[in-house]
Amino acid sequence: MGHAYTPGLKVTEKFLLTKKRILPLKGEVIVKKGDPVKPDDIIARTHLPGIVEPMNVANILGVPPEDLNECMLKKEGDQIEAGEVIAMSKSFFGLFKSKCPAKISGTIESISQVTGQVLLRGAPIPVTVKAYINGEVVEIYEKEGVAVSTWCSFIQGIFGIGGETHGEIKVVVKDNTQVLTDKEIDDSCQGKVVVGGSMVTADAVKKAAKVGASGIVVGGFDDKDLRGFLGYDIGVAITGSEEIGTSLIVTEGFGQINMAQRTFDLLKSKEGQLACINGATQIRAGVIRPEVIIPQDGDIHAKIEESDYRELGLQVGSPVRVIRHPYFGKLGEVTNLPPELEELESGSHARVLEVKFLDGKTAIVPRANVEMIES
Amino acid sequence: MAKMKPEDINVILATDCGSTTTKAILIEKRDGEYRLIVRGEAPTTVEAPFEDVTMGVLNAVGEVEELSGRKLLDDNGKIISPANGEVGTDVYISTSSAGGGLQMMVAGVVRSMTGESAERAALGAGAIVMDVIASNDKRLPHQQIERIRHLRPDMILLSGGIDGGTTTHVVEIAELVSAADPKPRLGTGYKLPIIYAGNKNATKAVEDTLSDKVDLRTVENIRPVLERENLGPAREEIHNLFMEHVMAQAPGYKKLMSWTDAPIMPTPGAVGLIIKTIADMEGIEAVGVDIGGATTDVFSVFRPESIPEGAFNRTVSANLGMSYSVSNVFAEATLPMVMRWVPFNMNERDLRNRVKNKMIRPTTIPQSMEELIFEQAIAKEALRLAFIQHKNFATVLKGVQQQRTIADAFEQTASGATLVNMMSLDILVGSGGVLSHAPRRQQSALMLIDAFLPEGVTRLAVDSIFMMPQLGVLSTVQPQAATEVFNKDCLIHLGTCVAPVGPVKKGGPIMDYKITLPDGKVESGTLEFGQMKLIKLGLSDNDLPLKARAELDPHHGLDLGRGKGHKLETELSGGVVGIILDGRGRPFQLPEDENIRVEKLKAWMTELNIYPVEALNR
């Protein structure tokens, strides 16, 4: 049987991170192993095949498909320009000619005498991959991409929207309980990663996008605001491609929830430093959580012994956060781990634990409803 | 392992490799009947760092060994076969949905004809259909090409045209596929398999277009003539390719395939097979539903007069589920539809956030009664929506070969031609966490009734521990063992729902009933409109339902399957819940008045003992 605990999200002061940066198709890697890189540096590039534009030339010319070859002025593989005549029909001693101009520039991909269809392939589309973080190239995957390593402070969020970006950290709230409203956002937030407390309002997100803030990191976000903001309801948690003008990373969950003190303190201590963030979230097998990476100096080749608190599993004394009602968002410490199943108020039987909250009160909670946090 | 005759099989080991958990069951023949002995489970080990599915299988089998005392693995970690005394198994079989299951794209010429036929073939084989490309799907060709390129399916089923008909359109689709140059989802060392099952006259042209770029297989046309479908050969080829390509690419599966005594089946394909096998053996009509975290599968076997051999259908509602997709259920059903099942008020803003928090932390479970009631309300809506999709898809000309007239073939409207007939349905089987693990079985029964609204007389059951996949593949090796274990150990018989159908303008009596229980006791009375009544009738010593004789006399204008106002004399099956007389009317409508609705919900939930009374009166 697997461990009966829920690993929490990673929030760590110092961590050796390695990020794979891979092209969608094979191409060219333009950095070398050992090269230092910055977030906007291009590390690999390729060309995606151009769009395909089918044209039923036989229909356009009014000839049977089997006669198409006789009408084609271009053959497979030929370069063409938009508007260039690629086929022409002749009739009545050559008096009436029908012409077929190419819809796009590119090459002739194929000519079919079965369907009369000619496929035009547009010019290749260039694609580049950036380094995304400050660091050093530690591995080259030939024609595919690289791995970049850096020491960093690392914070995993629970949910995010928007893609990769970076900026200086700017904390605009006094503590982890304060709601981030549009009043806290001004022009000085341009290009910054803005840190809020327990929640961010829809108006604040809109203003952040307007002033050009790179991103927002905050404890909670209201679902109703999210829907109002995106214009649609997120049905399944697969995000990252939203174009909202700024990336948003929620560290705790939906609703107003204080950002974990440790997370807030870490961000506060790094104020003014570069943060590389990505809101992309995928909650399915192969889960992806949004992240805040604050690169730090340090020898990435130094040997380290990392102890992952999560490998120890849930123990008496483990700090935990409850992640479901009726104690949602409360922090505490495990005081007992009874092995046998216990009946919950709902009537279900589940493995539980006893937790002592910060206010001294205790409660019994299903183990499935807590996540471990670092002490 | 040596092949055994079915009658010589005494010990069966079966596993289902799911995306997160690998489940193993041990079945033994004892005193002349096959019974489930124990089950074990372990995390699936398809993904890094293990990347070998057999590790999870061995761990799950190891747990079965510990619990049963039967030694199943030798010192080298291999499954011992055949069985000898308390050592080994006669047969080892497996299903798999690990690594995302079987993901397919299908293509046809006309969306509602060959496109749908191809979709049915793929769904019936147990696939997730990622998209249906058709000449008339309202996308421009370059959009279709982009889509095909983007999807990266495990395989494509290409169909189109009747035999001898025009070849142009289906070859055009083949050209689009060729231009997209699609790549398989897993691995890069092989070509994407494409099954061509269209107009046989276009075979040569399709081969010329595609055979250089893909691994093309040609099978019989799935729509040889307009009014007949022929899905068998395409489904068979899908299963072959699943084994040859998809399974062979997944880590450790080559080894697993060498262990099993029957081909590994995609999990939903195996579930469909057991439901079809049981329905066929008993000659009944059945609906099965499996509600998971991300998706809901609905299976049905109906036997309209035109298809006496039965029509089997499966649908997958990709984004209707109880955790990953819970937010989508909420979005599709809308808040008022979910809240109509909740007998108290809750704050909307708070509810929305709770739903989203479940989506982002999908493994949590309801702790409070309020959360349970709310979660079961969402489940009713997820099931209801999945069933609507199923009804719209399971129309005439589904499943097995069937003759229709040309006139019928043009009437493939979703509304008029569904095969789903709730009045003739015999059994409704639920599966999946929210149904199988509900704290009270009455809750499962009410979720099934409220979501599916069975009509007339319908048996209700839930799958106890989700072993339908293993039993599905077992039915190909030893059908008797599969059906015995299905009835005695897999199914938890809940009881029978009796629901008169017909318009009721106002309250009053709608049915007289007289039910003679096995001990001779008689329960009789009159069911009022809007009333639910529970009559206890349990299970026999061998876990099969007790039976009661019933005389059910619907009042004027109401029907129980014998016609309006006609009396029905029948046998009713018991179960852990009993006989539920549902006088709420079909079509079913909850009272619009808020206070009356809450009062009614409380009355029904109290009669059926769904939740503790104090939870309802909070």
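Here is the naming used below: chain letters follow the sequence lines, and residue numbers restart at 1 for every chain.
- Note: A:Arg227 leads A:Glu53, A:Arg227, A:His349 in heavy-atom pairs under 4.5 Å with chain B.
- Residue contact with chain A, scored on non-hydrogen atoms closer than 4.5 Å, involves the side chain of B:Asp350 exclusively.
- In this structure, a donor-acceptor pair under 3.5 Å is absent between the side chains of A:Thr362 and A:Glu354.
- Between the side chains of A:Glu291 and A:Gln156, not a single donor N or O lies within less than 3.5 Å of an accepting N or O.
- Side-chain N/O atoms of B:Ser178 and B:Thr209 include no donor and acceptor closer than 3.5 Å.
- Using a 4.5 Å cut-off between heavy atoms, B:Ile145 contacts chain A through its side chain alone, with no backbone atom that close.
- Note that CG of A:Asp233 and CG of B:Asn328 are 8.0 Å apart. Values are rounded to the nearest 0.5 Å.
- Of the atoms belonging to B:Leu176, it is side-chain heavy atoms, and not backbone ones, that fall under 4.5 Å from chain A.
- Donor-acceptor pairing under 3.5 Å is lacking for the side chains of B:Glu63 and B:Asn59.
- Put simply, OG on B:Ser211 and NZ on B:Lys204 are 8.5 Å apart, with the number rounded to the nearest 0.5 Å.
- In this structure, the portions of B:Pro141 lying under 4.5 Å from any heavy atom of chain A include both its backbone and its side chain.
- With sequence neighbours excluded, no residue forms a salt bridge (charged side-chain N to carboxylate O under 4.0 Å, His left out) with B:Glu172.
- Using a 4.5 Å cut-off between heavy atoms, A:Ile234 contacts chain B through both its backbone and its side chain.
- Of all the listed residues (B:Glu348, B:Glu146, B:Arg149), the one sharing the greatest number of non-hydrogen pairs under 4.5 Å with chain A is B:Arg149.
- Among the candidates B:Glu370, B:Met369, B:Lys356, B:His437, the residue making the largest number of heavy-atom pairs closer than 4.5 Å to chain A is B:Lys356.
- When each of A:Leu344, A:Ile364, A:Thr115 is scored by its heavy-atom pairs under 4.5 Å with chain B, the top score falls to A:Thr115.
- Looking at B:Glu332, neither its backbone nor its side chain comes within 4.5 Å of chain A, counting heavy atoms on both sides.
- Using a 4.5 Å cut-off between heavy atoms, A:Tyr327 contacts chain B through its side chain alone, with no backbone atom that close.
- Salt bridge present: A:Glu371 and B:Arg361 bring a charged side-chain N and a carboxylate O closer than 4.0 Å.
- For the pair A:Lys20 and A:Tyr141, the distance from NZ or CZ to the six-membered ring centre is under 6.0 Å and the angle to the ring normal is within 45 degrees.
- Contacts between A:Ser110 and chain B at a heavy-atom distance below 4.5 Å are absent for every atom of the residue.
- Looking at A:Val352, neither its backbone nor its side chain comes within 4.5 Å of chain B, counting heavy atoms on both sides.
- For chain A, the nearby part of B:Arg354 is the side chain; its heavy atoms alone come within less than 4.5 Å.
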